[in-house]
Amino acid sequence: MKSVFVIDPGMMEAGGHHAALLETLIHSESGGAKVCVLTHQQLDNDLEIKAKNNSIQVNRFFSTNFYQHYEDSVELSLSGMQHYIRLLAWEYARAIKLAAQGSANNEVVCFYPCLNWEHASAISLALTMSGERYLCTHKVSCMFKPLKINYQSEWLYKYSFGQLAKRSEVELFASDWEARVYYEDLGITIQGFHPCYLLPWSSLNKQKTTSSDTPHLLLYMGDAKENKGFLRLPEVITKAIAKFNGKVKLTVQYTLAWDYPELVPVINTLKRLEKEYPMQVHVHVRFWSKDELQSVMATLSGVVCTYDSQTYQNKSSGLAWLCGYYNLPIIFMSQQSFWMHREVERLGITYYHSLTDFADKTNDKPMPTRCNSYYSSLFEDCLTWVVN
């Protein structure tokens, strides 16, 4: 019997892709494998209870802030990040030892859901620090690319992930097409793609559950952030209601991971609009469980993307993959091409450049041809993939 250890210091609040991964594990068939998740010590209580109630072991393990240097790690470089890397490496080393020694004679697979270069350096150091080779396979998700691609960022990614790739017990997998190209261009061996872990795909039903003629648009989903277009929501809501003469349903879902003062006026406006247009505007201020997300997706007519095109020029998003799986058209509120544009073309998703184009069903591009092998890799069952 195999033992799976999901080692994720970023798993903490009830929101984002880390919480979605835990939801996916909860609703996945383990095939007899023992599943244990090593999370941050401040893991959301409800997530922990739900996981344990579904036979997933949970260990509140890490104290390091996983995203502490997400925006400045390249500027600090290797010398400026040494203290952080060593602290995280010490925690990773303890986690790997726990996984290996607590599994008796079982085959052990450790899965790391997303790593930036500093995390890769920490794991590489942790594997060296142990002084012994445990019988573990380490599957690593290469999700992140540099926010700014330059000589320094390329050196850091090439060095840190290159050190990991040299180890026979480590396998690197890209989260998306462009991530694979980026890492391979650095000379790093990538084994393929890991599945998108936002949902347990094999247990879902893509069947539409509504036949209403009233369009239902998802305007926002995920952590409330300025660069994801949260501040634009009042404007988009107003435009959509006017465009469809009030005959439209608009859904907004968001979570507040941290307190952002600049979001307060928008949140207050959303509350007002929901009261003013109770039939049209529906705002959900909580993390959606797998069942809630599934039920909403099955009723949608399309998804609106309000992302800042500069921030997301080379940055991936689960929104594209959800649209790809549920075959939902996407409406871009930016005319500029960025990662989302390129990804939806790879996935064969119909897209529009404005609410007007969507309403009038006018599109200046034919539906792109889907890359079937890539699509199949993204929507494989994640836990089955980890176990095998």
* Asked: How about Phe379 and Tyr325: are their ring centres within less than 6.0 Å of each other?
  -> yes
* To do: Tell me yes or no: between the side chains of Gln336 and Ser309, is some donor less than 3.5 Å from an acceptor?
  => yes
* Asked: Between the side chains of Tyr112 and Ser141, does any donor sit under 3.5 Å from an acceptor?
  -> no
* **is_close_aromatic(Phe5, Phe111), centroid dist under 6.0 Å** => no
* **Cation-pi geometry met for Arg94 and Trp90 (6.0 Å, 45°)** => yes
* Is a side-chain donor-acceptor pair under 3.5 Å present for Asn227 with Thr311? -> no
Could you go through residues 19-29 and list every donor-acceptor pair under 3.5 Å that involves a side-chain atom there, pairing it with any protein atom two or more places apart or in another chain?
{"unit_1": "Glu23", "atom_1": "OE1", "unit_2": "His27", "atom_2": "NE2", "d": "3.4"}
{"unit_1": "Glu23", "atom_1": "OE1", "unit_2": "Lys290", "atom_2": "N", "d": "2.8"}
{"unit_1": "Glu23", "atom_1": "OE2", "unit_2": "Lys50", "atom_2": "NZ", "d": "2.6"}
{"unit_1": "Thr24", "atom_1": "OG1", "unit_2": "Ala20", "atom_2": "O", "d": "3.0"}
{"unit_1": "Thr24", "atom_1": "OG1", "unit_2": "Tyr197", "atom_2": "O", "d": "2.8"}
{"unit_1": "Thr24", "atom_1": "OG1", "unit_2": "Leu198", "atom_2": "O", "d": "3.3"}
{"unit_1": "Thr24", "atom_1": "OG1", "unit_2": "Leu199", "atom_2": "N", "d": "3.2"}
{"unit_1": "Ser28", "atom_1": "OG", "unit_2": "Thr24", "atom_2": "O", "d": "2.5"}

* Is the shortest side-chain N to carboxylate O distance from Glu345 to Arg370 below 4.0 Å? -> no
* To do: Give me the ring orientation class for His341 and His353: parallel if the planes are under 30° apart, tilted from 30 to 60°, perpendicular past 60°.
  => tilted
* Side chains of Glu154 and Tyr182: is there a donor and an acceptor less than 3.5 Å apart? -> no
* Are Glu178 and Lys145 ion-paired here, with the side-chain N under 4.0 Å from a carboxylate O? -> no
* Polar contact flag, side-chain donor to acceptor under 3.5 angstrom, Trp339-Ser316 -> no
* Going by an N to O cut-off under 4.0 Å, is there a salt bridge joining Glu343 and Arg346? -> yes
* Partner residues of Asn388 under the side chain to side chain contact (heavy atoms under 4.5 Å, CB included) criterion, sequence neighbours left out -> Thr384
* Is a side-chain donor-acceptor pair under 3.5 Å present for Asn116 with His119? -> no
* With hydrophobic residues grouped by side-chain heavy-atom distances under 4.5 Å, do Leu43 and Tyr67 end up in a single group? -> yes
* Can Ser63 and Gln41 be counted as having a side-chain donor-acceptor contact under 3.5 angstrom? -> no
* Asked: Looking at Tyr312, does the NZ or CZ of Lys315 lie under 6.0 angstrom from its six-membered ring centre and within 45 degrees of the ring axis?
  -> yes
* Indicate whether any N or O donor in one side chain lies under 3.5 Å from an N or O acceptor in the other, for His216 and Thr251. => yes
* Tyr277 ring centre to Lys275 NZ or CZ under 6.0 Å, with the angle to the axis within 45°? -> no
